[in-house]
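Report on one structure; see the data block that follows.
Excluded from the calculations below are hydrogen atoms, water molecules and symmetry mates; all remaining heavy atoms, backbone and side chain alike, are included.
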Amino acid sequence: MNNIEKIKSIKIKSIVVIKPGQLEIESRDIPIPKYDELRIKVMYAGICGSDVHILHGSNPFAKYPRVIGHEFLGVIDQIGEHSLDDNHDHDSDFDSNFDSTSNEISLKIGDKVVVDPVVSCGRCYACLHDKPNVCEHLSVIGVHQDGGFSEYVCVPKRNAYLVPKRVSDQNACLIEPFAVAANITSNTKVYPDDIAIIYGAGPIGLMVAQVLKWVYKVEHLIVTDRLDERLKMALANGADVALNTQNEDLEAYLHKMKIKPTLIIDAACHPSILNEAINIAAPAARIGIMGFSGDASSIIQQKITSKELSIYSSRLNSKKFPIVIEWMTQNLIKPELLVTHQFDYQDIKVAMDIFENHPKSCCKVILNF
């Protein structure tokens with residue numbers, strides 16, 4: 001038995017969605033990194049709403065069976081080299097020499113890293129215009145290809161970012177979702193004199209709240225939700241006002257308080273929100289949307305152009321890991337406020353159930369590998 005055969009005989013545990021509705025912990029061959037890849041020994045991983053959507057078959061991009069997980073931290077276990085395998089099986093849609101401005105520092109075995117799940121080609125229009133997150137050949141780790149809910153995972157070298165010693169493992173697990181918050185706020189732009197509204201106090205909404213208030217220091221921040229427990233978390237994560245829209249009408253509240261929002265972020269992602277956001281927005285306001293609903297939103301063009309509103313969309317993140325890592329090293333954001341539960345990865349079914357079905361007490365869940 002040669003070295004490659006010996007390595008391939010090693011078995012690892014991976015969390016796999018076999019098909020919609022069926023999640024299992026499988027024994028698989030340990031992956032071998034290709035020449036442009038690193039193998040990561042996973043330490044911790046965070047559960048995201050998209051993982052739940054893949055489990056239920058409601059993520060339109062997922063392919064099955066799939067090892068899920070795109071928020072993870074680990075240690076570099078092996079660096080791919082030409083000598084490991086002459087048959088690289090390199091996908092021609094992807095450019096192995098593409099520099100996505102990931103770490104300029106040379107990574108080495110033993111380094112602790114987080115992984116940007118956005119794998120792009122580097123050659124299409126979107127990539128060439130600094131939008132790899134909507135690459136024509138986009139492949140997302142944990143969605144289109146196997147992800148980090150596994151003892152080991154192979155990832156492109158360019159997608160790994162060194163974690164500074166000042167950043168805790170728990171906080172590092174949240175770099176990816178904070179990069180989503182960084183992306184939407186980068187797209188909309190944020191100014192200190194903004195009066196901002198965030199629809200939804202879920203994990204992403206709360207991360208956007210931290211970014212708006214503690215990084216950009218917006219003048220006034222309102223967060224809406226229908227759960228008092230989540231609104232309490234919103235106040236702890238930077239909101240000046242937390243409004244339960246099940247009990248109070250947002251438009252009526254704004255009229256009463258004589259408030260005209262200049263920045264509106266939809267982190268609840270319901271199609272009806274866009275129309276309301278257009279109605280309540282101040283002249284020259286910006287609106288950011290992140291939803292993936294296939295249902296139509298009813299809007300009136302005149303209401304947009306009469307106030308010259310700008311509407312921005314945001315998907316995943318476009319090279320935002322470095323800025324989030326910088327925020328964490330400077331203690332500008334507080335990821336630890338969002339982690340409510342931790343489980344051993346073998347308790348994945350319990351962890352997924354709590355994440356999905358207990359929003360009053362659960363925000364972010366971390367799996368220990």
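The pair Glu219-Lys213 does not meet the salt-bridge criterion, since no charged nitrogen lies less than 4.0 angstrom from a carboxylate oxygen. Taking 4.0 Å as the cut-off between side-chain N and carboxylate O, Asp146 and Arg28 count as a salt-bridged pair.
In terms of modelled atom types and a separation under 3.5 Å, the side chain of Arg286 and the main chain of Thr262 share a donor-acceptor contact. A distance-only check finds a donor-acceptor pair linking the side chain of Asn187 to the backbone of Ser313 [under 3.5 Å]. Looking only at distances, a side-chain donor or acceptor of Arg66 sits under 3.5 Å from a matching main-chain atom of Lys63. Using a distance-only test at 3.5 Å, with no hydrogens or angles considered, no donor-acceptor pair links the side chain of Asp347 to the main chain of Val350. With hydrogens and angles ignored, the 3.5 Å screen pairs no side-chain donor or acceptor of Ser297 with any backbone N or O of Ser272. Between the Thr245 side chain and the Glu248 main chain, no donor and acceptor come within less than 3.5 Å of each other. When atom types are taken as modelled, the side chain of Lys41 and the backbone of Val153 share no donor-acceptor pair closer than 3.5 angstrom. Checked by atom type and distance alone, the side chain of Arg39 never pairs as donor or acceptor with a backbone atom of Pro33 at under 3.5 Å. At distances below 3.5 Å, not a single donor-acceptor pair connects side-chain atoms of Ser58 with backbone N or O atoms of Ile54. Without hydrogens or angle criteria, Asn159 side chain to Val118 main chain gives a donor-acceptor distance under 3.5 Å.
Note that CG of Leu174 is 10.5 Å distant from CG of Leu337, once rounded to the nearest 0.5 Å. Note that the OH atom of Tyr64 and the NZ atom of Lys19 stand 12.0 Å from one another [nearest 0.5 Å]. Interatomic distance, Ile311 CD1 to Ile299 CD1, rounded to the nearest 0.5 Å: 5.5 Å. Going from atom CD1 of Ile141 over to atom NE2 of His144 covers 11.5 Å, rounded to the nearest 0.5 Å. Going from atom OG1 of Thr185 over to atom CE of Met207 covers 13.0 Å, rounded to the nearest 0.5 Å. Distance check: Lys13 NZ to Ser27 OG gives 4.5 Å after rounding to the nearest 0.5 Å.
Minimum interatomic distance between Leu263 and Ile265 (heavy atoms only, all atoms of both residues): CD1-CD1, 4.1 Å. Asn317 and Ala179 make their closest contact through CB-O, 3.5 Å (heavy atoms, listed as atom of the first residue, atom of the second, distance). Heavy atoms only, all atoms of each residue included: Ser120 and Cys127 are closest at CB-SG, 3.6 Å. A pairwise comparison of heavy atoms in Pro271 and Ala296 identifies CB-O, 3.7 Å as the closest pair. In terms of heavy atoms, Asn237 sits closest to Gln210 at OD1-NE2, 2.5 Å. Shortest non-hydrogen contact noted between Val113 and Ile40 is CG2-CD1, 3.5 Å.
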Let me have the donor-acceptor pairs involving side chains of residues 275-282, under 3.5 Å, with sequence neighbours excluded, atom names and distances please.
from	atom 1	to	atom 2	distance (Å)
Glu276	OE1	Tyr199	OH	2.6
Asn279	OD1	Lys303	NZ	2.9
Asn279	ND2	Asn275	O	3.4

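You'll find the side chain of Pro117 stays beyond 4.5 Å of the side chain of Val155, heavy atoms only. Looking at heavy atoms from C-beta onward, Val16 lies out of side-chain contact with Phe149 at the 4.5 angstrom threshold. Leu227 places a side-chain heavy atom less than 4.5 Å from the side chain of Pro359. Contact of the Ile15 side chain with the Tyr345 side chain is registered, since non-hydrogen atoms from C-beta on lie closer than 4.5 Å. Using a 4.5 Å cut-off on side-chain heavy atoms (C-beta onward), Leu316 and Asn183 make no contact. Annotation: side chain of His341 is in contact with side chain of Cys362 (closest heavy-atom distance under 4.5 Å). With contacts defined as side-chain heavy-atom distances shorter than 4.5 Å, the pair Leu107/Lys157 does not qualify. Side-chain contact between Glu71 and Cys173 is absent, with no heavy-atom pair separated by less than 4.5 Å.
Under the 3.5 Å distance criterion, with hydrogens and angles disregarded, no donor-acceptor pair is assigned to the side chains of Asn244 and Asp225. Counting only N and O atoms by type, the side chains of Glu37 and Gln78 include no donor and acceptor under 3.5 Å apart. Between the side chains of Ser14 and Glu26, no donor-acceptor pair of N or O atoms lies under 3.5 Å. Side chains of Asn59 and Ser50: a donor-acceptor N/O pair is absent below 3.5 angstrom, by distance only.
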Apply the test side chain to side chain contact (heavy atoms under 4.5 Å, CB included) to residues Asp344 and Leu367: give CA-CA distance (whole Å), side-chain angles for both, the deciding distance (0.1 Å), then the verdict. CA-CA 6 Å; Asp344 185 275; Leu367 300 174; over 6 Å; no

Would you sort out whether Ile68 and Met352 count as a side chain to side chain contact (heavy atoms under 4.5 Å, CB included), showing the intermediate values? CA-CA 12 Å; Ile68 54 176; Met352 291 281 275; 4.2 Å; yes

Just do the side chain to side chain contact (heavy atoms under 4.5 Å, CB included) check on Asp266 and Leu274 with the steps written out, would you? CA-CA 8 Å; Asp266 175 15; Leu274 180 57; 6.0 Å; no

Between Asp116 and Tyr161, is the side chain to side chain contact (heavy atoms under 4.5 Å, CB included) condition met? List the steps. CA-CA 8 Å; Asp116 186 341; Tyr161 290 82; 4.0 Å; yes

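A continuous path of Ile, Leu, Val, Met, Phe, Trp and Tyr side chains, each step under 4.5 Å between heavy atoms, connects Val163 with Ile325, placing both in one hydrophobic cluster. Val167 and Trp214 fall into different hydrophobic clusters, where Ile, Leu, Val, Met, Phe, Trp and Tyr side chains are chained together by heavy-atom contacts under 4.5 Å. Cluster annotation: Leu309 and Ile195 are assigned to the same hydrophobic cluster (Ile/Leu/Val/Met/Phe/Trp/Tyr, side-chain heavy-atom contacts under 4.5 Å, transitive). Neither Ile222 nor Leu235 shares a network with the other; the hydrophobic side chains, linked directly or stepwise wherever heavy atoms of I, L, V, M, F, W or Y lie under 4.5 Å apart, form separate groups for each. Cluster annotation: Val223 and Leu250 are assigned to distinct hydrophobic clusters (Ile/Leu/Val/Met/Phe/Trp/Tyr, side-chain heavy-atom contacts under 4.5 Å, transitive).
Surrounding NZ of Lys307 are more than 12 heavy atoms belonging to other residues, nucleotides or ligands, all under 6.0 Å away. By the 6.0 Å contact criterion, NE2 on His56 is enclosed, its count of non-hydrogen atoms from other residues, nucleotides or ligands being greater than 12. By the neighbour-count criterion of 12 heavy atoms within 6.0 Å, atom CD of Gln330 is densely surrounded, having more than that number from other residues, nucleotides or ligands.
Figure legend: cation-pi geometry between Arg315 and Phe61, with NZ or CZ positioned under 6.0 Å from the six-membered ring centre and within 45° of its axis.
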